[in-house]
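Data block below; observations after.
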Amino acid sequence: MKTDQAYLELDKQLLWHPYTSMSKPSPHFLVEKASGCEITLNDGRTLIDGMSSWWSVIHGYNHAVMNQAIQDQLSQFSHVMFGGLTHKPAIDLAEKLIAITPTPLQRVFFSDSGSVSVEVALKMAIQYWNTQGKVQKQFFVSPKSGYHGDTFAAMSVCDPENGMHSLFNGALTQQFFVSPPPTGLHEPVKHEYLDEIRRLFESHHTQIAGFIIEPVVQNAGGMRFYNPEYLGHIRSLCDEFDILLIFDEIATGFGRTGKLFATDHTSICPDIMCVGKALTGGYMTLAATLTNDKVALGISENDGVFMHGPTFMGNPLACAAANASLSLLMEYNLVEKIAQLEHWMEIALKPCESLKQVKEVRCFGGIGVVELLKPVKLHEIQPKFVELGVWIRPFGKLIYLMPPYVINEEQIQALAKAIYQVVSEEPC
Ligand SMILES: *Cc1c(COP(=O)(O)O)cnc(C)c1O
């Protein structure tokens with residue numbers, strides 16, 4: 001039997017973790033189990049989870065209903081190929097997704113991860129224009145500060161500075177960028193911003209297949225909240241210039257912003273929408289790209305077929321997890337639950353505003369952000385949070401909470417208290 005120490009040594013030697021070096025490994029903590037909103041480490045320490053494991057574990061860990069749903073499916077079959085075969089978990093899930101997303105979205109493509117669902121969305125847009133005879137429409141517009149994933153096409157529409165463009169510049173498709181929507185959920189719409197998009201569309205619409213954006217919240221690119229009204233204006237501009245509108249709801253979907261989808265803060269609908277992350281309640285990797293009949297049937301004209309088909313497409317275990325997660329979500333009074341969470345975070349994080357290291361505290365739905373004036377050193381700050389019994393993973397200047405929806409007020413207070421203490425010890 002290996003000791004835990006030996007495991008951790010092997011981890012350092014053998015394993016890449018997200019965005020890490022193999023010669024200067026950052027500290028990693030060995031997890032023994034997780035349940036509800038708590039993660040237990042090998043040494044018995046228990047951490048309150050403020051991250052929902054990258055925003056996915058919305059119902060908490062080791063949930064009896066989720067576990068049962070996967071076990072039930074496991075006893076039938078865990079996977080079959082989706083070419084030529086189909087199954088009820090996938091059909092049920094498609095039906096559910098169509099029912100809860102805006103009406104025009106009627107067709108579903110399943111893939112294995114958020115990044116791939118973005119690749120699929122971009123391919124759908126290009127293929128659509130192709131069958132419409134507009135073969136030059138191959139490029140995309142995205143606002144700066146966006147994040148859409150780590151695969152190549154997804155990277156090409158991520159923020160060109162924060163993102164990975166500098167490393168991969170020569171290998172990435174050169175897309176078009178516009179400024180990020182001005183921040184402030186209730187700030188009046190700035191028409192200069194829309195004019196910038198209009199000017200770009202006017203000069204390049206013949207090359208532009210789609211406009212991709214994270215609705216209402218730009219997440220990994222800076223936790224920026226903006227007025228949903230921008231999206232209505234962008235929809236109109238896209239219509240005027242024959243450009244498909246793509247919403248990346250991978251982070252915002254399934255309740256995180258206080259409504260089922262961020263799109264629901266508007267009265268408009270995208271042509272293509274990506275969902276992932278919380279889709280399976282954080283149990284399995286699964287994503288989906290939804291589209292309307294215009295795009296789906298357009299691609300299918302003249303014997304056209306959509307050219308994508310992952311090996312694990314529509315994995316039944318993942319679909320079963322997603323079906324169970326959506327059922328749980330429907331049982332919550334979601335609007336009330338997330339409003340409550342927002343209220344708890346607002347009160348608990350408020351004291352951080354007085355710290356001189358802090359630029360701004362902002363909360364929206366199940367997202368609470370403490371933005372600092374200077375970036376933190378992750379390898380220094382992470383162990384401090386663990387010492388304080390919380391799991392919080394900041395990036396750059398942002399220390400944020402995106403807890404499971406089932407977290408209680410006391411746990412929120414503990415998370416906020418830890419943030420206050422750790423931030424107050426930061427140099428300024
Ligand atoms: C996380 C994320 C992705 C990428 O999803 P993966 O499952 O990590 O590939 C894409 N878009 C947004 C908005 C995300 O938050």
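Each ligand, and each atom within it, is numbered from 1 in the order the structure gives. If you're wondering where the values come from, they're calculated on a predicted model, not measured in any experiment.
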* Hey, could you give me each pair passing salt bridge (charged side-chain N to carboxylate O under 4.0 Å, His left out) that has a residue in residues 263-274? Not counting sequence neighbours. => R235-D271

* To do: With sequence neighbours excluded, give me every salt bridge (charged side-chain N to carboxylate O under 4.0 Å, His left out) pair touching residues 85-113.
  =>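 Applying salt bridge (charged side-chain N to carboxylate O under 4.0 Å, His left out) to every pair that reaches into residues 85-113, excluding sequence neighbours, yields R107-D293.
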
Donor-acceptor list for residues 255-262 side chains, cut-off 3.5 Å, not counting sequence neighbours:
{"unit_1": "R256", "atom_1": "NH1", "unit_2": "G366", "atom_2": "O", "d": "2.8"}
{"unit_1": "R256", "atom_1": "NH1", "unit_2": "P403", "atom_2": "O", "d": "2.9"}
{"unit_1": "R256", "atom_1": "NH2", "unit_2": "S52", "atom_2": "OG", "d": "3.2"}
{"unit_1": "R256", "atom_1": "NH2", "unit_2": "M402", "atom_2": "O", "d": "3.4"}
{"unit_1": "R256", "atom_1": "NH2", "unit_2": "P403", "atom_2": "O", "d": "3.0"}
{"unit_1": "T257", "atom_1": "OG1", "unit_2": "H265", "atom_2": "NE2", "d": "2.9"}

* For residues L231 and Y226, report the shortest heavy-atom separation together with the two atoms involved. => CD2-OH, 3.5 Å

* Which atoms form the tightest heavy-atom contact between V189 and N227, and what is the distance? ->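 What the structure gives for the nearest pair is CG2-ND2, 4.2 Å.
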
* To do: Could you verify whether a donor N or O on one side chain and an acceptor N or O on the other, from H59 and Y332, lie under 3.5 Å apart?
  => yes

* Sort out the contact shell of ligand 1: every protein residue with a heavy-atom distance below 4.0 Å, listed by chain and number. =>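 Residues near ligand 1: W55, S113, G114, S115, Y147, H148, G149, E214, D248, I250, A251, K277.
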
